[in-house]
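So the structure is just underneath, and the comments pick up after that.
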Amino acid sequence: MQQEILCEVNNCQYWANGNKCSAEKIYVVSNKGKEASTSEETDCKTFKPEN
């Protein structure tokens, strides 16, 4: 299943033109345990800074 994942963090190694994420997989975790109530309570573990 192809999905369009958008990302505005343009210093990430997976950032592509049009604010698209080119990572093969996306790993998102909650910083409040196993559940989150808002997007602010989550973090993208896929992020890798550009070299």
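Because the structure is a prediction, the values reported are computed rather than measured. Atom set for the values below is all heavy atoms of this structure, side chains included, hydrogens, waters and symmetry mates excluded.
- When the salt bridge (charged side-chain N to carboxylate O under 4.0 Å, His left out) test is applied to Glu35, no partner is found at least two apart in sequence or on another chain.
- If you chain together ILVMFWY residues whose side-chain heavy atoms come under 4.5 Å of each other, Val28 ends up grouped with Ile5, Ile26.
- Residues forming a side-chain hydrogen bond (donor to acceptor under 3.5 Å, both in side chains) with Asn31 (at least two apart in sequence, or on another chain): Asp43.
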Below 3.5 Å, can you tabulate the donor-acceptor pairs from side chains in residues 44-51 to any protein atom, sequence neighbours excluded?
unit_1: Thr46; atom_1: OG1; unit_2: Tyr27; atom_2: N; d: 2.6

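- The side-chain hydrogen bond (donor to acceptor under 3.5 Å, both in side chains) test applied to Glu40 returns Thr38, not counting sequence neighbours.
- Here Cys21 contributes atom SG and Gln13 contributes atom CD; the two are 10.5 Å apart, rounded to the nearest 0.5 Å.
- Residues passing the salt bridge (charged side-chain N to carboxylate O under 4.0 Å, His left out) test with Lys20 are Glu4, sequence neighbours excluded.
- Contact record, Ala36 with Thr42: CB-CG2, 3.8 Å, taken as the closest heavy-atom pair.
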